[in-house]
Amino acid sequence: MIRKMQLPLQTLNLILGFMVWVIISSLMPFITEDIAIPPGKLAMVTAIPVVLGSILRIPLGYYANIFGARIVFLVSFILLLFPVYYISEASTMMDLIIGGLFLGIGGAVFSVGVTSLPKYYPKEKHGFVNGMYGIGNLGTAVTTFSAPIVATQIGWAPTVKLYLILLLVFIALNFFLGDRHEAKVKTPIMEQIKGVYKNEKLWFFSLFYFITFGSFVAFTVYLPNFLVSNFELTKVDAGMRTAGFIAIATFFRPIGGWLADRFQPLFLLVGTFSVYTVAAILLAFSPGITLYTVGCLAIAVCAGMGNGIIFKLVPFYFNKQAGIVNGIVSMMGGLGGFFPPILLSTIHAATGQYSIGFMLLSQVALASLILVIWLYYQGTQSNE
């Protein structure tokens, strides 16, 4: 019974982790009414939680193998109580930066489930299982959609405090329902790193996830403020549109994993990066709200599909080092969400528009497309 509970429990854990991860960016239009933040620093403040959320993915993926998912989720949620309370009492930009840095723990828990859950299922189901776990991305949509609505009624600080209650509930759930007997893998971390860092596929998969998950996080962080400032939408409307982007990306993640179980994953990535390239070029021309929405929705579909496909590839090529590789690849994806908002903000400050930033995204997607085609061709050649 406990073993069967792990997929739904760990998926709910990820939902909560991601809900906490994006508290600041979701409530930023409200926070800026009370705390003065220079326009040039806005992108940095909202991107800060992504830093620790990326770097911690390597040790959390490793420790999930050593101690099991139950212990790692428990410790992570206990630690998150402190930054959440600190942010609810914030009065300066520095408070938001300090608290936001440690909110990154919420994003780092992603590597726990993708390391733990494949132990419970046969290889032919790994793509679908990791895709279902990836539904936890919905946590960002839940906060982006609901936090502004709640904050309108009770204020942003009490809204943040509500997350303390959720964390306490999930600490209890993991204590009682987590699997105490999960299979452990105790290979030293440096030994695992030495076994994979020279493998070119590790860095290719890292680049691919840098784009797919990175753009998911970047758009989640960047859209609420951008839609308000650039298209003059209301804060709640911007939150709902961002939540729609997140929901679509999340919905397509298990579909990507399911398709990767049935078809050649690299071939599926060819289609994904082709659409990415075109959609990013569309956004680069600064269209009106209708075409901008079309471009964003296309990227949402590609981000979700790509995220699901890539985590089918990792256990397939790195079965014995899945924990550390999941950590490295997911870290690169998280970092992919950190740099774009800051880069876009810098470009906008220099040029007054975002076009160059989106064109850069299209070129990186095009480079990835070429690499995927090369990998696919290399694989078909080796099978002949």
Side-chain angles (χ1 to χ4, degrees), residues 12-37 41-53 56 73-110 136-174 217 220-225 227-228 234-240 242-243 246 334 337-338 341:
L12 288 171
N13 285 341
L14 185 60
I15 288 175
L16 177 61
F18 274 35
M19 283 175 67
V20 173
W21 198 22
V22 296
I23 288 173
I24 292 178
S25 60
S26 300
L27 291 173
M28 187 54 76
F30 295 88
I31 293 171
T32 49
E33 292 175 359
D34 294 332
I35 299 175
I37 303 174
K41 302 284 187 183
L42 209 57
M44 184 187 74
V45 174
T46 54
I48 280 293
V50 181
V51 179
L52 205 62
L56 278 182
F73 276 122
L74 262 176
V75 172
S76 298
F77 290 155
I78 290 170
L79 290 175
L80 277 170
L81 291 169
F82 299 97
V84 170
Y85 178 77
Y86 186 76
I87 287 167
S88 73
E89 297 290 321
S91 59
T92 67
M93 185 181 80
M94 188 52 65
D95 289 337
L96 295 174
I97 290 173
I98 294 169
L101 180 65
F102 291 98
L103 279 188
I105 297 168
V109 298
F110 172 81
N137 289 352
L138 268 180
T140 54
V142 173
T143 289
T144 306
F145 173 74
S146 62
I149 295 173
V150 177
T152 302
Q153 301 300 316
I154 65 174
W156 67 267
T159 301
V160 174
K161 282 190 169 72
L162 291 176
Y163 286 82
L164 296 171
I165 300 170
L166 285 172
L167 285 166
L168 290 171
V169 169
F170 272 80
I171 288 167
L173 284 174
N174 280 278
V217 174
T220 299
V221 168
Y222 137 95
L223 277 176
N225 258 312
L227 292 174
V228 170
T234 66
K235 289 177 280 192
V236 173
D237 188 11
M240 290 177 69
T242 305
I246 296 164
F338 173 70

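Because the structure is a prediction, the values reported are computed rather than measured.
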Shortest non-hydrogen separation from [X] to [Y] and the atoms involved:
X      : Y      : result
Ile154 : Thr159 : CG1-OG1, 3.6 Å
Ala157 : Ser88  : CB-O, 3.3 Å
Gly100 : Ile24  : CA-CD1, 3.6 Å
Val228 : Ala238 : CG2-CB, 3.7 Å
Ile149 : Val236 : CG1-CG1, 4.2 Å
Ala108 : Leu56  : CB-CB, 3.5 Å

Within this structure, what is the [atom1]-[atom2] distance for the pair [X] and [Y], rounded to the nearest 0.5 Å?
X      : Y      : atom1 : atom2 : result
Ile98  : Ile48  : CD1   : CD1   : 10.5 Å
Ile35  : Met94  : CD1   : CE    : 12.0 Å
Leu227 : Thr234 : CG    : OG1   : 10.0 Å

Where at least one partner belongs to residues 162-172, residue pairs that pass side-chain hydrogen bond (donor to acceptor under 3.5 Å, both in side chains), sequence neighbours excluded:
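Checked against side-chain hydrogen bond (donor to acceptor under 3.5 Å, both in side chains) - neighbours excluded - the pairs reaching residues 162-172 are Thr143-Tyr163.
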
With sequence neighbours excluded, tell me which residues meet side chain to side chain donor-acceptor pair (under 3.5 Å) with [X].
X      : answer
Ser26  : Thr144
Glu33  : Lys235
Thr220 : none

Please report, to 0.1 Å, the donor-acceptor pairs under 3.5 Å made by any side chain of residues 73-87, with sequence neighbours excluded.
{"from": "Ser76", "atom 1": "OG", "to": "Val72", "atom 2": "O", "distance (Å)": "2.7"}
{"from": "Tyr86", "atom 1": "OH", "to": "Asp95", "atom 2": "OD1", "distance (Å)": "2.8"}

Any residue meeting salt bridge (Lys or Arg N to Asp or Glu O under 4.0 Å) with Asp34, in chain and number order, not counting sequence neighbours:
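Testing Asp34 for salt bridge (Lys or Arg N to Asp or Glu O under 4.0 Å), a comparison that skips the adjacent residues, returns none.
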
Residue pairs passing the salt bridge (Lys or Arg N to Asp or Glu O under 4.0 Å) test where at least one lies in residues 152-170, sequence neighbours excluded:
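As it turns out, the salt bridge (Lys or Arg N to Asp or Glu O under 4.0 Å) pairs with a partner in residues 152-170, which skip direct neighbours, are Glu89-Lys161.
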
Taking salt bridge (Lys or Arg N to Asp or Glu O under 4.0 Å) as the cut-off, I'd like each qualifying pair that reaches into residues 13-24, sequence neighbours left out, listed once.
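Output for this query is empty, none listed.
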
Identify each donor-acceptor pair in which a side-chain atom of residues 165-174 lies under 3.5 Å from a protein atom, sequence neighbours left out, and give them as a table.
{"from": "Asn174", "atom 1": "OD1", "to": "Asn13", "atom 2": "ND2", "distance (Å)": "2.8"}
{"from": "Asn174", "atom 1": "ND2", "to": "Asn13", "atom 2": "OD1", "distance (Å)": "2.9"}
{"from": "Asn174", "atom 1": "ND2", "to": "Phe170", "atom 2": "O", "distance (Å)": "2.8"}

List the residues meeting side chain to side chain contact (heavy atoms under 4.5 Å, CB included) with Thr46, not counting sequence neighbours, and say none if there are none.
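Per chain and number, Thr46 pairs via side chain to side chain contact (heavy atoms under 4.5 Å, CB included) with Ser25, Met28, Val221.
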
Going by side chain to side chain contact (heavy atoms under 4.5 Å, CB included), name the residues that satisfy it together with Met93, two or more places apart in sequence or in a different chain.
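If we apply the side chain to side chain contact (heavy atoms under 4.5 Å, CB included) test to Met93, skipping adjacent residues, the hits are Ile37, Pro38, Lys41, Val45, Ile97.
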
Which pairs pass ring-ring contact (aromatic ring centres under 6.0 Å, His included) with one or both residues in residues 15-35, sequence neighbours excluded?
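Every pair satisfying ring-ring contact (aromatic ring centres under 6.0 Å, His included) with a residue in residues 15-35: Phe18-Trp21.
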
